[in-house]
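For reference, the structure is listed below as structure tokens.
Protein chains get the first letters and strands the later ones, always in sequence-line order, with residue 1 at the start of each.
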Number of protein chains: 2
Amino acid sequence: MTTIYDVARKANVSAMTVSRVINNTGRISDKTRMKVRHAMEELHYIPNFMARSLVVQETKILSLLITDITNPFFTTLARGAEDAAKQFGYRLMFGNSDEDLDKEKDYVDMVLSTRVDGVLFAPAGDGSLTHLQKLAKHNVPFVIIDRTVPGVECDTVLGDSRTGARLLTEHLISLGHRRIALINGSSQVSTARDRYAGFVEALKQSGLAPDPQLSAETGYKPIEPRELLSRWMALPAKPTAVFAANNFLAIGVIRCLRDMGLSVPEDVSVVCFDDLGLESAINPFLTVAAQPAYTFGSMGMQLLIERIRGEAAPEYRSVVLQPELIVRRSSAPPRS
Amino acid sequence: MTTIYDVARKANVSAMTVSRVINNTGRISDKTRMKVRHAMEELHYIPNFMARSLVVQETKILSLLITDITNPFFTTLARGAEDAAKQFGYRLMFGNSDEDLDKEKDYVDMVLSTRVDGVLFAPAGDGSLTHLQKLAKHNVPFVIIDRTVPGVECDTVLGDSRTGARLLTEHLISLGHRRIALINGSSQVSTARDRYAGFVEALKQSGLAPDPQLSAETGYKPIEPRELLSRWMALPAKPTAVFAANNFLAIGVIRCLRDMGLSVPEDVSVVCFDDLGLESAINPFLTVAAQPAYTFGSMGMQLLIERIRGEAAPEYRSVVLQPELIVRRSSAPPRS
DNA sequence: GCAGGGTGAGTTATCGATAACCCTACCCGA
DNA sequence: TCGGGTAGGGTTATCGATAACTCACCCTGC
């Protein structure tokens with residue numbers, strides 16, 4: 001690889017002069033500038049960003065940590081983040097924690113040793129506290145997206161899970177459902193708690209008592225909750241609707257129900273959080289509380305970059321994005 | 001940030017000794033090793049990978065360039081790539097070319113200045129030649145995935161687009177379709193050419209003549225080809241089936257058809273390349289030639305890492321992955 | 001008693017770039 | 001003619017780490 005010194009030698013100037021031409025700093029005569037430019041082109045010179053990082057203490061790399069790269073919510077978010085990062089001249093390093101705190105820890109270590117300028121962080125759960133504290137201790141700016149972590153103070157971009165859950169539940173109740181089951185993410189994840197709260201709130205407002213038997217916690221990862229559904233559907237007072245706390249869970253539920261010979265929404269209605277991406281384009285089926293995923297990413301990135309540049313006010317900002325209830329075919333009145 | 005020198009001072013040894021402890025090289029007595037370890041912990045020392053990169057001439061960063069991060073094919077591929085990279089101790093930098101050669105160029109420049117150890121490259125099209133040559137000129141190892149680029153010699157992981165297209169077309173023909181329209185990616189992209197070839201091949205084998213009027217080239221990006229479909233459906237000999245060259249196009253086609261009051265598959269059958277991700281899980285609707293996206297990523301990464309490590313044979317390898325025809329509801333016999 | 005060899009560590013140069021300081025013309029006005 | 005300002009560019013140290021060499025010490029065997 002050719003270096004700044006090769007260019008300097010070729011152009012008959014000092015390395016510093018080349019550096020000045022590259023960064024457009026200092027005073028350089030047009031003649032010298034041209035000479036250097038030509039030398040750079042002839043040698044196909046490309047600046048070594050890593051070497052630069054070492055002295056200016058800035059890598060121009062940001063890191064995005066998400067919990068599932070196959071979930072359309074997060075890929076759309078990633079796109080928002082990437083677009084924003086690029087716009088401000090940053091590169092992006094991705095990481096995938098898989099909702100797993102151990103993987104998340106590994107990733108945080110990688111991030112620290114890469115000396116990235118900042119992290120856009122979708123925490124795997126409350127246990128992410130340690131990891132975020134580690135970032136803070138090393139003065140790495142970060143912004144949390146999608147989920148809060150108790151004990152962590154920072155800029156955040158969140159969805160209003162509670163309201164979304166309430167809307168979905170109210171929708172089911174208004175259709176006439178009285179026995180609604182909830183399949184939820186881990187209670188170690190803030191959105192799962194909020195969705196639970198919104199769910200219960202809506203039930204109580206309608207004078208319904210939440211039934212502990214109809215509430216389960218399986219985590220957000222894609223699964224097929226066969227046993228759970230068999231148990232539910234074997235109850236004397238079996239549910240007529242299921243509220244799945246995310247898209248993957250809804251899909252698992254629907255597949256299991258169909259395998260059990262039950263159809264959606266005739267036998268059981270299903271609603272969930274987050275849209276499904278392409279699916280909703282041609283076969284809009286699931287009733288969902290859709291979140292503006294792209295905005296989560298772009299807005300989060302913007303907060304992060306402002307923080308890095310020191311343009312942000314000292315107090316932390318929290319952006320809350322509202323979900324939108326989209327009623328589709330998967331929810332219908334219960335069979336009387 | 002604490003450096004190796006801080007640790008050295010605290011442990012009363014030289015920086016070199018600390019380096020040896022970190023990398024487990026050279027000879028160190030257990031006593032010294034412990035002393036250094038403790039100092040590292042007390043100071044919360046984290047090695048600076050960038051500084052290391054500068055001297056060992058290796059960043060342990062690989063780069064993955066895809067053409068659309070929102071397409072489930074590429075996100076699944078990305079996951080495969082990430083898993084493989086992580087397994088071998090590499091970090092991943094993502095880039096998104098959006099099927100756009102200009103963006104791709106920017107990205108290649110970024111990649112070069114970051115001095116990544118290698119690139120897994122899904123080219124935007126034949127015009128990527130220049131970019132790949134640039135990588136080659138700077139001795140950056142790369143592996144091409146999904147699409148070939150004429151004029152470039154390197155390891156590749158490809159799908160058998162021709163066979164897939166043939167299978168889909170034969171399927172339509174066997175259902176009784178005789179007038180099949182093709183909506184394709186740009187002819188500047190190898191897969192689009194191959195899919196066209198497979199399509200024509202299947203037609204000819206059945207004694208059908210490809211009709212130029214029924215073949216269009218819109219690119220792989222998501223669009224709603226309203227005019228195109230109106231024109232097609234206004235033809236005296238209008239098509240009874242549409243072969244969409246990727247999932248996005250199929251979705252656009254289906255939406256437009258529905259807007260026109262036509263239903264799939266009753267009025268028009270639709271088939272396409274690549275599955276849709278979540279959608280196929282609950283509402284398997286589209287007949288597709290599904291490709292093993294995860295394998296594209298993991299296999300590509302494996303080839304790349306072998307090449308970087310010098311473990312690969314000098315001659316280039318080309319892996320061809322077979323698509324699988326999955327017949328679903330979107331294809332049916334034509335209305336007689 | 002001493003050459004020879006292995007142990008455990010330190011010294012110095014280097015990776016590619018930039019910050020901070022320094023130097024030399026040249027120009028201009030008093 | 002001389003002091004001082006400025007344009008244009010060079011020198012040197014430094015970022016954080018590692019490679020390559022060096023060195024002191026102790027052990028061993030003849």
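Atom CG of B/Asp30 and atom P of C/dA9 are 10 Å apart (whole Å). What separates CG of A/Asp6 from C1' of C/dA17 is a distance of 13 Å, to the nearest Å. What separates CD of A/Glu58 from P of C/dA17 is a distance of 16 Å, to the nearest Å. For the pair B/Asn12 CG and C/dG10 C1', the computed distance is 13 Å after rounding to whole Å.
For B/Phe73, the ring-ring contact (aromatic ring centres under 6.0 Å, His included) test picks out B/Phe296, with sequence neighbours left out. Partners of B/Phe142 according to the ring-ring contact (aromatic ring centres under 6.0 Å, His included) rule, which considers only residues two or more places apart in sequence or in another chain, do not exist here. Looking at residues two or more places apart in sequence or on another chain, you find a ring-ring contact (aromatic ring centres under 6.0 Å, His included) between A/Phe94 and B/Phe94. Remark: B/Glu315 pairs with no residue by the salt bridge (charged side-chain N to carboxylate O under 4.0 Å, His left out) rule, at least two apart or across chains.
Comparing the local axis fitted to the first five base pairs of the helix from C/dG1-D/dC30 to C/dA30-D/dT1 with the one fitted to its last five gives a bend of 60°, rounded to 10°.
One finds no side-chain N or O of A/Thr3 lying less than 4.0 angstrom from the OP1 or OP2 phosphate oxygen of C/dG16. Contact check, A/Gln57 against D/dT14: no side-chain N or O comes under 4.0 Å of OP1 or OP2.
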Taking only nitrogen or oxygen atoms into account, show me every contact under 3.5 Å that the protein makes with nucleotides 18-20 of chain D, one pair per line with its distance.
from	atom 1	to	atom 2	distance (Å)
D/dT18	OP1	B/Asn23	OD1	3.4
D/dT18	OP1	B/Asn23	ND2	2.6
D/dT18	OP1	B/Arg52	NE	3.3
D/dT18	OP2	B/Ser19	OG	2.3
D/dT18	OP2	B/Asn23	ND2	3.4
D/dT18	O5'	B/Ser19	OG	3.4

Restricting both atoms to N or O, compile the protein contacts to nucleotides 5-7 of chain D shorter than 3.5 Å, with distance only.
from	atom 1	to	atom 2	distance (Å)
D/dA7	OP2	A/Arg27	NE	3.2
D/dA7	OP2	A/Arg27	NH1	2.8
D/dA7	OP2	A/Arg27	NH2	3.3

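Listed by first then second residue, pairs satisfying side-chain hydrogen bond (donor to acceptor under 3.5 Å, both in side chains) with a partner in residues 120-130 of chain B read B/Glu104-B/Ser128, B/Asp126-B/Arg193, not counting sequence neighbours. Sorted by first and then second residue, the side-chain hydrogen bond (donor to acceptor under 3.5 Å, both in side chains) pairs with a member in residues 80-98 of chain B read A/Arg79-B/Asp98, A/Thr114-B/Arg91, B/Asp83-B/Tyr294, B/Asp98-B/Lys103; sequence neighbours excluded. Pairs engaging residues 105-119 of chain A under the salt bridge (charged side-chain N to carboxylate O under 4.0 Å, His left out) rule: A/Lys105-A/Asp109, A/Asp109-A/Lys134 [sequence neighbours left out].
Comparing atom distances between the A/Val13 side chain and each of C/dA9, D/dA17, D/dG10 picks out D/dG10 as nearest.
Residues B/Glu41 and B/Lys35 are not paired through a salt bridge, judged by the lack of any N-O separation under 4.0 Å between the basic side chain and the carboxylate. With respect to B/Arg147 and B/Glu99, a salt bridge is recorded, a charged nitrogen being found less than 4.0 Å from a carboxylate O. Ionic pairing of A/Asp68 and A/Lys221 is not present here: no N-O contact between side-chain nitrogen and carboxylate oxygen is shorter than 4.0 angstrom.
With a 4.5 Å cut-off on side-chain heavy atoms, A/Leu62 and A/Ile308 count as touching. Taking 4.5 Å as the limit, every side-chain heavy atom of B/Val119 sits out of range of all side-chain heavy atoms of B/Leu132.
Each of B/Thr17 and A/Leu54 has a nearest nucleotide on DNA chain C; the 5'-most of these lies closest to B/Thr17.
Donor-acceptor pairing under 3.5 Å is recorded for the side chains of B/Thr32 and B/Ser29. For the residue pair B/Ser63 and B/Tyr107, a side-chain donor N or O sits within less than 3.5 Å of a side-chain acceptor on the partner. A side-chain donor-acceptor contact under 3.5 Å links B/Thr156 and B/Ser318.
Heavy-atom distances under 4.0 Å link DNA chain D to no residue of residues 41-49 of chain A. Scanning residues 108-118 of chain B for heavy-atom distances under 4.0 Å to DNA chain C yields an empty list.
Residue contacts for A/Ser29: at a heavy-atom cut-off of 4.0 Å it reaches the sugar-phosphate backbone alone, with no base atom in range.
Atom CD of B/Glu153 sits in a sparse spot, with 12 or fewer heavy atoms from other residues, nucleotides or ligands closer than 6.0 Å.
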